[in-house]
Amino acid sequence: MDHNKNETTDRRIRVLIAKPGMDGHDRGAKVVARALRDAGMEVIYTGLRQTAEMIVNAAVQEDVDAIGLSVLSGAHMHYFRDVMALLKEKEATDIIVFGGGIIPDQDLPKLKELGVGQVFTPGANTEDAATYLKGAVSERWRAQGEG
C-alpha cells in the first residue's frame, strides 16, 4: 500500500517547492524536491527568483497540499509573511507552509506564530520533511473530509 496516497481517493501529496527572492542557490531546494519525489509525492519546483505572488498563484493553480520555501538570504521573515498573507487573501490558508534554509533559531517561534508548520535548518534529514508532510497533509485531508 502506498502511504502517500489517501486510501479513499488515491490522491498523492502535492508539494510546491519555491526559492523566493534573489538568492541564487537552489541545491538544497532541489535535494528536498528529489527526496519528496522519492517518498512518492508529486513535487512542483518553481525555480529561482520567485516572488510571493508567483509562489502563491502557482500553489493555488496547481492545487497543492503544501508549499516549501527555501530561503538562504536572510529575508525569510519577509517572504514567509508575504506568502502567508497572500494565502489568506486567496482563502487558501489550508495549504501547509513549511520551510528550510539558513534561519536563526530565534526566528523559529515568530515563523510558528505566522502559521508556518515546520522549518528545517541545515543538517536536517530529508526523511524528516517527508514524515512531517505525510502527517500534516493527512490532517489537512481529514479536515477537508477527504480522509
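A continuous path of Ile, Leu, Val, Met, Phe, Trp and Tyr side chains, each step under 4.5 Å between heavy atoms, connects Val97 with Met77, placing both in one hydrophobic cluster. Trp141 and Val15 fall within a single hydrophobic cluster, where Ile, Leu, Val, Met, Phe, Trp and Tyr are joined by side-chain heavy atoms under 4.5 Å apart, directly or via other members. In terms of hydrophobic clustering, with Ile, Leu, Val, Met, Phe, Trp and Tyr side chains grouped at heavy-atom distances under 4.5 Å, Val43 and Val137 are assigned to a common cluster. In terms of hydrophobic clustering, with Ile, Leu, Val, Met, Phe, Trp and Tyr side chains grouped at heavy-atom distances under 4.5 Å, Leu72 and Phe120 are assigned to different clusters. In this structure, Ile44 is a member of the same hydrophobic cluster as Val83, with clusters built from ILVMFWY side-chain heavy atoms closer than 4.5 Å.
The two residues Tyr45 and Ala29 come nearest to each other via the heavy atoms CE1-CB, 4.0 Å. Nearest approach of Ser70 to Pro20, heavy atoms of both residues: O-CD, 3.5 Å. Contact detail for Met22 and Tyr79: the closest heavy-atom pair is N-OH, 4.3 Å. When all heavy atoms of Arg140 and Ile95 are compared, the pair lying nearest together is NH2-CG1, 3.8 Å. Of all non-hydrogen atoms in Met84 and Leu114, the two that sit nearest each other are CE-O, 3.3 Å. Residues Ala59 and Ile67 share a closest heavy-atom pair of CB-CD1, 3.5 Å.
Applying the side-chain contact (heavy atoms from CB on, under 4.5 Å) test to Asn125 and every residue at least two apart in sequence or in another chain returns Glu127, Asp128. Not counting sequence neighbours, the partners of Ala18 by the side-chain contact (heavy atoms from CB on, under 4.5 Å) test are Leu16, Thr46, Ile55, Leu69. Scored by the salt bridge (Lys or Arg N to Asp or Glu O under 4.0 Å) test, Glu139 finds no partners at all (sequence neighbours excluded).
In this structure, the side chain of Arg12 engages the main chain of Met41 through a donor-acceptor pair within 3.5 Å. No donor-acceptor pair closer than 3.5 Å links the side chain of Glu89 to the backbone N or O of Leu87.
In this structure, Arg34 places its CZ atom where only 12 or fewer heavy-atom neighbours from other residues, nucleotides or ligands lie under 6.0 Å away. More than 12 heavy atoms of other residues, nucleotides or ligands sit less than 6.0 Å from atom CD of Gln106.
To the nearest 0.5 angstrom, Asp82 atom CG is 9.0 Å from Thr51 atom OG1. To the nearest 0.5 angstrom, Thr93 atom OG1 is 12.5 Å from Leu86 atom CG. Here the CG atom belonging to Leu48 is positioned 9.5 Å from the NE2 atom belonging to His25, to the nearest 0.5 angstrom. Considering CG of Asp23 and CZ of Arg49, their distance stands at 8.0 Å, rounded to 0.5 Å. Rounded to the nearest 0.5 angstrom, Gln61 CD and Met54 CE are separated by 12.0 Å. Taking NZ of Lys112 as the start and CD of Gln118 as the end, the distance is 5.0 Å to the nearest 0.5 Å.
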task: Begin from the C-alpha positions of Val116 and Lys110 and carry the test side chain to side chain contact (heavy atoms under 4.5 Å, CB included) through to its verdict.
output: CA-CA 9 Å; Val116 176; Lys110 297 176 202 161; over 6 Å; no
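Residues Val71 and Phe80 meet the side-chain proximity criterion, which asks for heavy atoms closer than 4.5 Å. Looking at Val119 and His76, their side chains never come closer than 4.5 Å, going by heavy atoms from C-beta outward. A heavy-atom distance below 4.5 Å is not found between the side chains of Lys30 and Ile17.
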